[in-house]
Amino acid sequence: MKNVRTGTLPVILCLLLLMSVLTGCGGEGAAQKKSLLDVDPAARCAVTKERTYDHSLKLTYADRFAVDFYEEGGCLITVCDDRQYYLSDSGDLPNDLPGDITVLKAPLRDIYVAATAAMDYFVSCGALEDLRFSSQKASNWKIPEAVSAMEDGSLLFAGKYSTPDYELLTSEHCGLALENTMIYHSPAVIEQLESLGIPVFIDNSSNESTPQGRMEWVKLFGLLTGREAEADRAFKAQEKEFKKLESIADTEKDRPTVAFFSVRSNGTVTVRQATDYIPKMIEIAGGRYIFEDLRSDGEGMRSTQTISMEDFYSTAKNADYFILNSSIEGERTAVAELLKDAPVLADCKAVKEGHVYCTYADLYQHSMGQGDFVRDLHQMLTGGKDFTYIFKLN
């Protein structure tokens, strides 16, 4: 049985094959540029002639992954990086499955979580017990359940994502290495894990353009661990917070403006791209992202951009609210700390009017807390004081 991506068939050849099925041609021209996610599910599933496409997992917001089920059992998972995974709970595999498709045996157990933001997905759907290894030490976790698991020994530190403890992972029979997109910078790690018989799954949830889409990845992790119903309930619970504010998003008048940023130690400023999910949350909460015209040149899928302090000031000086992003330079405790690093911001409207906030450091580990965060934003914009993931600087 093939357990990992040990084949040598390039992904692009698989793509051309699928497009040939879809269009009846050799895949020339624009067809080569399409992602596998843009391919009709039946054609996408045609990677094997021994299985017949039945249906796809219904997704309301997420568009960076797809799950297609076969009539004979098993399913094909496709992610936005065009990596594909064949998930089977019976061990019955097609004989003609391409070698570049990773085989996963469901339900997954003894998982190595090197994608920090994915921890909350497992906790939210009751799958923490299916994890065995962590790329973070207990002191770095902001999720109480993860801290407790490491303290009682049910979750073991197995090295950072770029330098995993291969001996520990193999001796403890790791069933899956869950990585985030940073692993693309360490391809040798992927090769080594797979050579040891440990399948690698790369979490691309951060590439979703909406917060709801990012949260909907919990359905995928619920599928991998056999907890689909629990994952669906967890998603719907947070989705309710967005639906409560849907009417606000339809109103364009008198929207307060918000700058979400971090001042770097070198004096530059990191802000979110307008297409990122954070600006979308600001809009849903009733605000308007001050850098609404900031978009990348189309290369890659970066969610942030670094600009000069001068450029930041020229755009954000009249913003109604400042929110400092603590995930990059850490939490600030007072406005004075911000002004020490960036004195020019003392002249900004948000600072003068006392509308400067900061995110708690645990925000980015709580991937399933997006509904609570958008409620925080709405509270901030309407004079509220009951927050979960932000606090006001004095």
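Every heavy atom of this structure was used, including side-chain atoms; hydrogens, water molecules and symmetry mates were not. Keep in mind that what you see is a predicted model, and the values were worked out from it rather than measured. The first residue in the sequence is number 1, and the count goes up from there.
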How far apart are the closest heavy atoms of [X] and [Y], and which atoms are they?
| X | Y | answer |
| --- | --- | --- |
| Ile202 | Val79 | O-CG1, 4.3 Å |
| His366 | Gln370 | O-NE2, 3.5 Å |
| Ser205 | Arg214 | O-CG, 3.6 Å |
| Asp82 | Ser35 | OD1-OG, 3.1 Å |
| Leu169 | Pro164 | CD1-CB, 4.0 Å |
| Glu228 | Gly226 | OE1-C, 3.3 Å |

Is any side-chain heavy atom of [Y] closer than 4.5 Å to one of [X]?
| X | Y | result |
| --- | --- | --- |
| Val47 | Ile101 | yes |
| Thr275 | Ser209 | no |
| Thr102 | Val200 | no |
| Cys358 | Phe391 | yes |
| Ile77 | Leu224 | yes |
| Phe242 | Tyr61 | no |
| Thr170 | Ile198 | yes |
| Val189 | Leu193 | yes |

Can you measure from [atom1] ([X]) to [atom2] ([Y]) and round to the nearest 0.5 angstrom?
| X | Y | atom1 | atom2 | answer |
| --- | --- | --- | --- | --- |
| Tyr289 | Lys280 | OH | NZ | 11.5 Å |
| Phe133 | Leu176 | CZ | CG | 11.5 Å |
| Ile390 | Asn325 | CD1 | CG | 12.5 Å |
| Ile111 | Leu131 | CD1 | CG | 5.5 Å |
| Phe65 | Asp203 | CZ | CG | 10.0 Å |
| Ile282 | Leu381 | CD1 | CG | 8.0 Å |

Run the salt-bridge test on [X] and [Y] with the 4.0 Å N-O cut-off and return the result as yes or no.
| X | Y | answer |
| --- | --- | --- |
| Lys142 | Glu331 | no |
| Lys244 | Glu241 | yes |
| Arg51 | Asp92 | yes |
| Asp341 | Arg264 | no |

Flag, side chain of [X] to backbone of [Y], donor-acceptor distance under 3.5 Å:
| X | Y | result |
| --- | --- | --- |
| Lys385 | Lys392 | no |
| Ser326 | Tyr360 | yes |
| Thr78 | Ala66 | no |
| Gln238 | Gly371 | yes |
| Tyr70 | Cys45 | yes |
| Arg332 | Leu324 | no |
| His378 | Ala285 | yes |
| Ser367 | Asp120 | no |
| Glu216 | Ala62 | yes |
| Gln365 | Asn140 | yes |

TODO: May I have the step-by-step check of side-chain contact (heavy atoms from CB on, under 4.5 Å) for Thr116 and Tyr161, ending in yes or no?
DONE: CA-CA 10 Å; Thr116 306; Tyr161 80 95; over 6 Å; no

Task: Parallel, tilted or perpendicular: rings of Phe312 and Phe322 (30°, 60°) - done: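 If you compare the ring of Phe322 with that of Phe312, the planes turn out tilted.
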
- [ ] Just do the side-chain contact (heavy atoms from CB on, under 4.5 Å) check on Val258 and Leu377 with the steps written out, would you?
- [x] CA-CA 10 Å; Val258 180; Leu377 295 174; 5.8 Å; no

- [ ] Report yes or no: is the cationic atom of Arg272 (NZ for Lys, CZ for Arg) closer than 6.0 Å to the six-membered ring centre of Tyr277, at no more than 45° off its axis?
- [x]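 Yes, Arg272 and Tyr277 form such a contact.
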
Task: Aromatic ring proximity Phe260/Phe291, centre distance under 6.0 Å - done: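 No.
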
Task: CD (Glu167) with more than 12 external heavy atoms under 6.0 Å - done: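 Count not over threshold, so no.
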
TODO: Could you please spell out the steps behind the side-chain contact (heavy atoms from CB on, under 4.5 Å) verdict for Phe122 and Asp130?
DONE: CA-CA 8 Å; Phe122 293 100; Asp130 300 323; 5.6 Å; no

TODO: Establish, from distance only, whether the side-chain atoms of Ser154 and Glu129 form a donor-acceptor pair under 3.5 Å.
DONE: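 Absent: no donor and acceptor within the cut-off.
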
Open item on the list: Between Thr270 and Ser262, do the side chains contain a donor N or O and an acceptor N or O under 3.5 Å apart?
Closed with: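 Per modelled atom types, Ser262 and Thr270 side chains form no pair under 3.5 Å.
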
TODO: Determine, using the 4.5 Å side-chain heavy-atom cutoff (strictly less than), whether Val39 and Leu37 are members of one ILVMFWY cluster.
DONE: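 Val39 does not cluster with Leu37.
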
Open item on the list: Quick one, Asp81 with Tyr184, criterion side chain to side chain donor-acceptor pair (under 3.5 Å). Give me CA distance, side-chain angles, the key distance, then yes/no.
Closed with: CA-CA 10 Å; Asp81 56 6; Tyr184 293 139; 2.4 Å; yes

- [ ] Report the C-alpha distance between Asn95 and Glu50 in whole Å, list the side-chain angles of each, state the deciding distance to 0.1 Å, and finish with yes or no for side-chain contact (heavy atoms from CB on, under 4.5 Å).
- [x] CA-CA 8 Å; Asn95 292 316; Glu50 297 181 17; 3.2 Å; yes

- [ ] Check the pair Lys219 / Glu239 against salt bridge (charged side-chain N to carboxylate O under 4.0 Å, His left out), numbers first and verdict last.
- [x] CA-CA 13 Å; Lys219 296 180 181 180; Glu239 185 187 26; over 6 Å; no

Open item on the list: By the definition side chain to side chain donor-acceptor pair (under 3.5 Å), identify the one residue from Arg255, Lys349, Arg288 that meets it with Asp320.
Closed with: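 The side chain to side chain donor-acceptor pair (under 3.5 Å) with Asp320 is passed solely by Lys349 among Arg255, Lys349, Arg288.
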
